[in-house]
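These notes are about the structure you will find just below.
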Amino acid sequence: MTQTSDGNHLKKIPSPVKFPIVGHLPYVLSRQPFDRMLQLCERYGDLFNLKLLDDSVVIVSDPDVVEELFDESRFRKRVAGILESIRPIAGDGLITAEDHEDNWGRAHRILKLGFGRKAMSDYLPIMMRQTEKLIQWWRDRPGQAIDANQDFTRLTLEIIGLCGFDFSFSSFEQEEPHEFMLTIDSILAEATISHQLPAWVNQLRPGGVRRMKENIEATNAVFDKIIADHHLNDSKERSSFLALMLDAEDPRDGSKLSKANIRYQLITFLIAGHETTRSLLSFTLYYLIKHPEICRKAQSIVDEVLGDAPRDLSFQDLSRLSYLQQILMESLRLWPTAPGFMVSPRSDTSIQSKYSTTTDDIFFIFLAALHRHPKAWGDNPDSFDPDRFGADAIRQRPSHVFRPFGNGKRSCIGQHFAMTEAQVALTYILYHFDLQGDDSYTLQVDHSLTIKPKDFFFKAIPRSK
Ligand code: MNH
């Protein structure tokens with residue numbers, strides 16, 4: 001045991017009673033793993049260790065512990081678990097790269113330009129045109145129950161495809177998902193399964209391993225072609241992340257990204273950039289339908305900004321629509337669509353001057369529980385209340401209790417992009433439609449790489465204007 005400066009002994013991080021051999025695995029095996037995690041947090045507190053197969057993971061939801069973990073001089077992002085299992089397809093792309101890998105810094109410096117104000121003004125019209133297609137899609141199917149996840153996937157996939165690499169998945173030309181997305185989904189599903197199984201079990205699943213290899217090869221081929229075609233066309237004419245990456249030099253040393261790394265970045269944007277925003281829109285509509293008074297208030301603001309005729313939105317319009325941002329933030333608080341992220345100590349240290357921890361420990365910041373912690377969110381943390389994100393309310397609260405986009409230099413590069421996209425979509429949807437839900441629906445959450453509401457349907461009734 002080590003001594004702390006004030007002479008106390010450091011303790012091990014608490015851990016529920018283990019099962020023989022399988023450790024804590026039975027605690028998390030559930031048909032509703034996400035709800036189960038929330039229950040575990042309630043039962044075992046704000047900081048507890050779970051031994052899962054080869055990894056030992058500390059689940060954290062206490063705001064004070066989280067504040068300590070967000071100190072980047074002491075803790076670093078950890079690429080483990082699900083992130084490790086998508087390395088074969090995302091390589092040293094931004095999400096799955098370790099801090100110390102050269103390509104992280106290089107790509108971060110280059111791609112930051114692609115998310116600045118100037119670049120965003122190129123993307124805004126794309127976001128509006130694609131949202132109009134969604135509006136038309138719904139108008140063409142009057143009275144039909146809308147599968148929220150499916151239709152918001154059409155929207156966010158088109159937007160990331162066009163802004164990312166000038167490519168359409170034809171989501172508004174066909175009912176069925178693009179064949180290529182089925183390949184990606186299958187890779188992600190296999191990654192989700194394989195990282196939950198011990199290595200020796202995976203070796204007994206040669207079919208899964210082979211399918212994964214074939215799917216990755218197919219994906220690489222598609223992207224290599226997209227990159228080659230883009231190079232042939234006059235890429236300078238267009239703004240996309242791909243055009244930027246092919247052209248731009250690292251401001252630090254003038255180097256450029258390799259073709260292989262550019263491919264990893266595109267796959268990363270595709271994976272990171274559509275599901276999270278899609279699910280944000282689904283959860284938001286769920287809450288607006290549950291709270292008609294909030295929905296009406298948002299609609300009246302939208303009507304005031306847009307006036308009698310629908311038109312393109314400027315950045316100035318978007319700042320007048322800040323109440324919609326508040327709604328989206330509150331939705332991300334209750335259901336952070338990227339459910340958490342991982343850090344590890346840079347050197348052996350203590351937590352809260354109380355627990356000992358080593359560089360091997362993986363801390364999983366479990367956002368849904370942090371975002372509902374009574375220490376930070378008061379007596380009624382489960383209630384949906386966009387006023388929590390009014391300017392004054394935000395100022396009065398420490399920022400580390402709300403981190404749906406991660407922490408520090410490894411936080412989400414697409415944060416502003418995602419929020420703009422969601423705000424544009426929500427604005428036009430509320431302008432054109434009244435929303436109608438099914439009273440018998442109770443929210444269930446599906447969990448893979450991201451979380452989404454399960455089987456959530458609604459109706460969009462054209463507003464008379
Ligand atoms: Mn996104 C990192 C959440 C939309 C591209 N994103 C992260 C992290 C979180 C996150 C959390 C930190 C992960 C970690 O620490 O391991 N992202 C979101 C959410 C949304 C989202 C909740 C939508 C809502 N992200 C987007 C979009 C894009 C994108 C859209 C691309 C256009 N995100 C990224 C990239 C990173 C990232 C790239 C990795 C950044 C880095 O480490 O350099």
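Every number for a ligand or one of its atoms is a count from 1 in the order of the listing.
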May I ask you to list the atoms of ligand 1 that are less than 4.0 angstrom from any heavy atom of [X]?
X    : answer
F341 : 14 (C), 15 (O), 16 (O)
I160 : 32 (C)
P404 : 3 (C), 11 (C), 22 (C)
I413 : 35 (C), 38 (C)
T337 : 22 (C)

Among all protein heavy atoms in this structure, tell me which lies nearest to [atom], with the distance rounded to 0.1 Å.
atom                    : answer
atom 5 (C) of ligand 1  : A272 CB, 3.8 Å
atom 35 (C) of ligand 1 : I95 CG1, 3.6 Å
atom 18 (C) of ligand 1 : F405 CD2, 3.7 Å
atom 21 (C) of ligand 1 : T276 OG1, 3.4 Å
atom 42 (O) of ligand 1 : R410 NE, 2.7 Å

L83 near ligand 1 by a heavy-atom separation under 4.0 Å: yes
Option with minimal heavy-atom separation from atom 25 (N) of ligand 1, where the choices are G164, S331, C412: C412
If you measure from atom 28 (C) of ligand 1 to every heavy atom of A418, G406, S279, G273, which option wins on shortest distance? G273
Report yes or no: is the cationic atom of [X] (NZ for Lys, CZ for Arg) closer than 6.0 Å to the six-membered ring centre of [Y], at no more than 45° off its axis?
X    : Y    : answer
R117 : F315 : yes
R397 : F389 : yes
K297 : Y323 : yes

For ligand 1, is any non-hydrogen atom under 4.0 Å from F269's backbone (N, CA, C, O), its side chain (CB onward), both, or neither? side chain
Is it the side chain (CB and beyond), the backbone, both or neither of L94 that lies under 4.0 Å from ligand 1, heavy atoms counted?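 Both backbone and side chain.
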What about the rings of F223 and F180, do their centers lie closer together than 6.0 Å? yes
Could you tell me whether F70 and H400 have their ring centroids closer than 6.0 angstrom? no
Give a yes-or-no answer on whether the side chains of D253 and S255 include a donor-acceptor pair shorter than 3.5 Å. yes
Name the residue from L318, L324, L321, T427 that meets the side chain to side chain contact (heavy atoms under 4.5 Å, CB included) definition with V305. L321
The single option from V445, L332, L334 that satisfies side chain to side chain contact (heavy atoms under 4.5 Å, CB included) with F283 is V445
[X] N/O under 3.5 Å from ligand 1 N/O:
X    : value
W104 : yes
S411 : no
K77  : yes

Would you please classify the geometry between the F269 ring and the F115 ring as parallel, tilted or perpendicular, with 30° and 60° separating the classes?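 Rings of F115 and F269: tilted, as their planes differ by 30° to 60°.
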Look at the aromatic rings of Y123 and F241 and report parallel, tilted or perpendicular, splitting at 30° and 60°. tilted
For atom CD of E176, decide whether the heavy atoms of other residues, nucleotides or ligands shown that lie under 6.0 angstrom number more than 12.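 Count not over threshold, so no.
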